[in-house]
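In what follows, every chain begins at residue 1, and chains take the letters A, B, ... in the order their sequences are listed. For clarity, every value in this text was computed on a predicted model and none was experimentally measured.
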Amino acid sequence: MSRSQQLHRPGPPSGPPGDDTGCPILHVDMDAFYASVELRTRPELRGRPVIVGGEVRGVVLSATYEARRFGVHSAMPMARARRLCPHAVVIAPHFADYSSVSAGVMGIFRSVTPAVEPLALDEAFLDVSGAIRRLGSPARIGQLIRERVVADQGITCSVGVASTKYVAKLASTRAKPDGLLVVPRDKVVDFLHPLPVGALWGVGDKTQEILIRLGLRTVRDVAHMPQPALERALGSALGARLAALAWGRDERSVVADEPDKSVGAEETFATDIDDPAAVRRELLRLSERVAVRLRSAGLQGRTVSIKIRFANFHTVTRARTLPDPTDIAREIYATARGLYEGLQLGRAPLRLVGVRVEGLLPADAPRQLLLDERAHGWREAEQAADRAAQRFGGRVVWPASLIEQSDDRGRKE
DNA sequence: TCTGGGGTCCTCTCCCTA
DNA sequence: TCTGTAGGGAGAGGACCC
């Protein structure tokens with residue numbers, strides 16, 4: 001395996017940096033994505049530590065490599081990040097900009113191959129098997145993509161090239177920032193085995209703790225652990241998965257257009273709230289948000305769940321499955337409210353509430369119309385509100401209970 | 001030290017039904 | 001009709017990912 005030259009400015013694709021035969025899977029990952037997008041509009045900040053994150057009760061969403069040198073990393077509480085890097089420039093996130101750049105980047109990927117599986121706004125797997133004859137080897141294609149992303153979107157990305165998704169993803173991480181790494185088929189085990197167990201996909205803090213307790217510190221240790229012992233310690237699914245990944249075995253293919261399985265929204269309050277009326281208003285607002293997103297995606301769901309996080313961070317969820325799928329805010333809210341009332345929380349201080357709809361299927365899927373079901377009703381009313389929002393920009397029709405909320409001071413914004 | 005928001009997947013338990 | 005059991009769906013919670 002070999003690391004390619006770092007591409008600091010666009011140029012003609014160079015020769016393949018390693019043997020990429022039989023390595024059609026690319027993992028492309030934008031470097032410090034949110035921060036890089038912000039630097040496009042504020043180039044005077046280039047070279048300085050920049051942190052993108054919320055102001056109140058927030059965490060770091062993205063940080064430039066200059067900030068990372070001070071120990072700042074994503075998901076770190078903002079208060080801690082500011083202490084570690086007090087001279088960093090802190091920018092509030094602009095998600096609309098990130099979505100727009102992401103759409104452009106995904107467009108570049110799809111111009112190379114239709115087999116694109118987005119994982120997040122800033123990364124995707126590509127299967128370039130069908131593009132090799134047209135564009136060259138996988139490594140050349142990776143280089144081409146890197147150049148196009150810089151030229152079209154003004155940000156850099158890193159690319160991992162391998163025979164499986166898992167190894168490609170690890171490779172892109174090792175290539176960061178602004179690099180490309182090929183892991184040849186016959187070097188996968190050499191590449192994986194020295195890595196710490198935390199590099200295995202699905203190993204977070206808790207699982208790492210268990211593995212270390214078992215005396216397993218590297219991927220090699222995991223690979224040589226008998227699979228039944230791993231399964232006893234971690235459960236059958238995770239144990240079997242780690243046993244396979246530790247030897248580089250990963251059967252998953254690149255799946256384009258994987259349908260969503262749930263749609264949800266949640267809100268952390270600037271300060272804890274204990275007023276049930278304010279909680280109900282928030283549930284209504286979140287139900288509205290979820291319903292709008294369901295309708296715009298042409299989806300309906302059968303199971304409504306709520307999430308309640310108490311001031312001490314303890315979290316509970318409750319769910320109810322409806323007889324029929326819905327995309328109507330009124331129905332989602334009625335279910336969410338019923339679940340909330342069922343908890344009988346009184347005035348317990350809450351820091352977060354969330355609403356989620358699961359069990360999704362296309363809104364136009366055939367279903368039985370109930371005898372007393374009105375063919376036209378709330379759904380049509382809410383669709384009319386959607387059209388008004390599209391036409392006039394923003395949400396112009398709201399439930400009356402959301403319009404007057406002068407006592408709702410706990411909410412962010 | 002103080003922990004977002006959007007998701008997916010897995011495990012365990014309970015309940016219903018055959 | 002009663003009992004034991006197995007399987008599936010639903011619900012709750014936890015871990016993980018970006």
Side-chain angles (χ1 to χ4, degrees), chain A residues 27-34 51-63 71 73-84 92-93 95 98-99 102 117-125 165-166 169-170 172-173 198-211 231-242 252 255 258-270 272 286 289-290 293 297 301-323 335 339 342-343 351-360 412:
Chain A
H27 179 257
V28 188
D29 200 346
M30 303 302 121
D31 301 322
F33 181 56
Y34 295 175
I51 299 173
V52 178
E55 285 163 27
V56 193
R57 282 188 158 173
V59 296
V60 174
L61 296 170
S62 177
H73 58 79
S74 59
M76 170 184 279
M78 282 299 287
R80 180 149 183 246
R82 285 174 195 270
R83 272 198 307 278
L84 286 171
F95 289 103
Y98 312 147
S99 293
S102 174
E117 180 182 335
L119 290 183
L121 281 181
D122 65 332
E123 59 176 309
F125 285 115
K165 287 164 85 169
Y166 165 58
K169 179 150 174 59
L170 279 179
S172 72
T173 305
L200 287 163
W201 211 342
V203 176
D205 288 346
K206 304 282 178 183
T207 310
Q208 185 166 323
E209 224 172 83
I210 296 171
L211 293 174
E231 292 186 18
R232 268 198 305 278
L234 304 171
S236 56
L238 185 57
R241 194 164 78 215
L242 295 192
R252 296 166 308 157
V255 183
E258 183 84 348
D260 285 340
K261 295 184 174 157
S262 69
V263 170
E266 58 191 56
E267 180 88 13
T268 298
F269 305 112
D272 300 338
L286 295 169
R289 250 158 72 181
V290 170
R293 283 173 50 201
R302 270 190 73 202
T303 302
V304 176
S305 71
I306 62 164
K307 175 160 136 184
I308 301 285
R309 178 165 288 155
F310 296 94
N312 65 1
F313 228 71
H314 176 65
T315 307
V316 295
T317 60
R318 290 292 182 272
R320 183 172 298 151
T321 299
L322 306 171
T335 311
L339 291 166
L343 284 168
R351 89 178 267 135
L352 170 149
V353 296
V355 174
R356 179 166 296 279
V357 173
E358 302 159 35
L360 303 185
K412 264 200 289 199

Do A/His27 and A/Leu119 have side chains that get closer than 4.5 Å, going by heavy atoms? yes
When you check the phosphate oxygens OP1 and OP2 of B/dG6, does a side-chain N or O of A/Ser262 lie under 4.0 Å from one of them? no
How long is the line joining CZ of A/Arg351 and P of B/dT3, in whole Å? 5 Å
If we only count heavy atoms from C-beta on, is the A/Arg289 to A/Glu267 side-chain gap below 4.5 Å? yes
Given side chains that start at C-beta, do those of A/Arg356 and A/Val304 come closer than 4.5 Å, heavy atoms only? no
If I pick the C1' atom on B/dC16 and the same atom on C/dT3, what distance separates them, to the nearest angstrom? 16 Å
Is the closest side-chain heavy-atom distance between A/Phe33 and A/Val52 below 4.5 Å? no
Scan side-chain atoms only and decide if A/Thr321 and A/Thr303 contain a donor-acceptor pair under the 3.5 Å cut-off. yes
Sugar-phosphate means primed atoms, P, OP1 and OP2; the rest is base. With that split, encode nucleotides 13-18 of chain C 5' to 3' as B, S or - using protein heavy atoms under 4.0 Å. B-SSSS
Between C/dG4 and B/dT17 - C1' atom distance, rounded Å: 14 Å
Please determine whether a side-chain nitrogen or oxygen atom of A/Arg241 lies at a distance below 4.0 Å from atom OP1 or OP2 of B/dC9. no
Quick one: do A/Arg309 and A/Glu266 satisfy side chain to side chain contact (heavy atoms under 4.5 Å, CB included)? Show the steps, please. CA-CA 10 Å; A/Arg309 178 165 288 155; A/Glu266 58 191 56; 5.6 Å; no
Residues, nucleotides or ligands: over 12 heavy atoms within 6.0 Å of A/Asn312 CG: yes
Is the shortest side-chain N/O distance from A/Ser305 to OP1 or OP2 of C/dG11 below 4.0 Å? no
Under a 3.5 Å threshold, yes or no: a donor from one side chain and an acceptor from the other, between A/Arg320 and A/Thr335? no
So what does A/Arg302 touch, heavy atoms closer than 4.0 Å: a base, only the sugar-phosphate, or nothing? sugar-phosphate
Name the residue closer to the 5' end of DNA chain B, choosing between A/Lys261 and A/Leu61 according to the nucleotide with the nearest heavy atom. A/Leu61
Test item: side-chain donor near acceptor, A/Thr268 and A/Arg351, under 3.5 Å: no
Output the rounded distance in Å from CG (A/Asp260) to P (B/dG6). 13 Å
Report yes if the side chains of A/Leu170 and A/Trp201 come closer than 4.5 Å at any heavy-atom pair, otherwise no. no
Nearest whole Å is fine: how far is B/dC2 C1' from A/Met78 CE? 13 Å
Between protein and nucleic acid, restricted to nucleotides 16-18 of chain B and to nitrogen or oxygen atoms under 3.5 Å apart, what atom pairs and distances do you find?
none

Are A/Val353 and A/Phe269 side-chain neighbours, meaning at least one heavy-atom pair lies under 4.5 Å? yes
OP1 or OP2 of B/dG6 sitting under 4.0 Å from any side-chain N/O of A/Arg289? yes
Heavy-atom pair of closest approach, residues A/Pro93 and A/Gly54: CD-N, 4.4 Å
To the nearest Å, give me how far apart CZ (A/Arg356) and P (C/dA12) are. 15 Å
Using only side-chain N and O atoms of A/Thr268, determine if any of them is under 4.0 Å from OP1 or OP2 of B/dG5. yes
Starting at atom CZ of A/Arg82, determine the distance to atom P of B/dT1, rounded to an integer number of angstrom. 17 Å
Grab the CG-C1' distance between A/Leu360 and B/dG6 for me, whole Å please. 13 Å
More 5' along DNA chain B: A/Val263 or A/Val59, using each one's nearest nucleotide? A/Val59
Students often mix this up, so state it plainly: with edges at 30° and 60°, are the rings of A/Phe95 and A/Tyr98 parallel, tilted or perpendicular? perpendicular
From C-beta outward on A/Phe313, which listed nucleotide comes closest to its side chain: B/dC9, B/dC2, B/dG4? B/dG4
Expressed as a whole number of angstroms, how long is the span from A/Ile210:CD1 to B/dC10:C1'? 13 Å
Distance in angstrom units between A/Leu352 CG and B/dT3 P, rounded: 12 Å
Note, DNA chain C 5' to 3' with Watson-Crick or G-U pairs under 3.5 Å encoded as ( ), [ ], | and . gives ....||||||||||||||
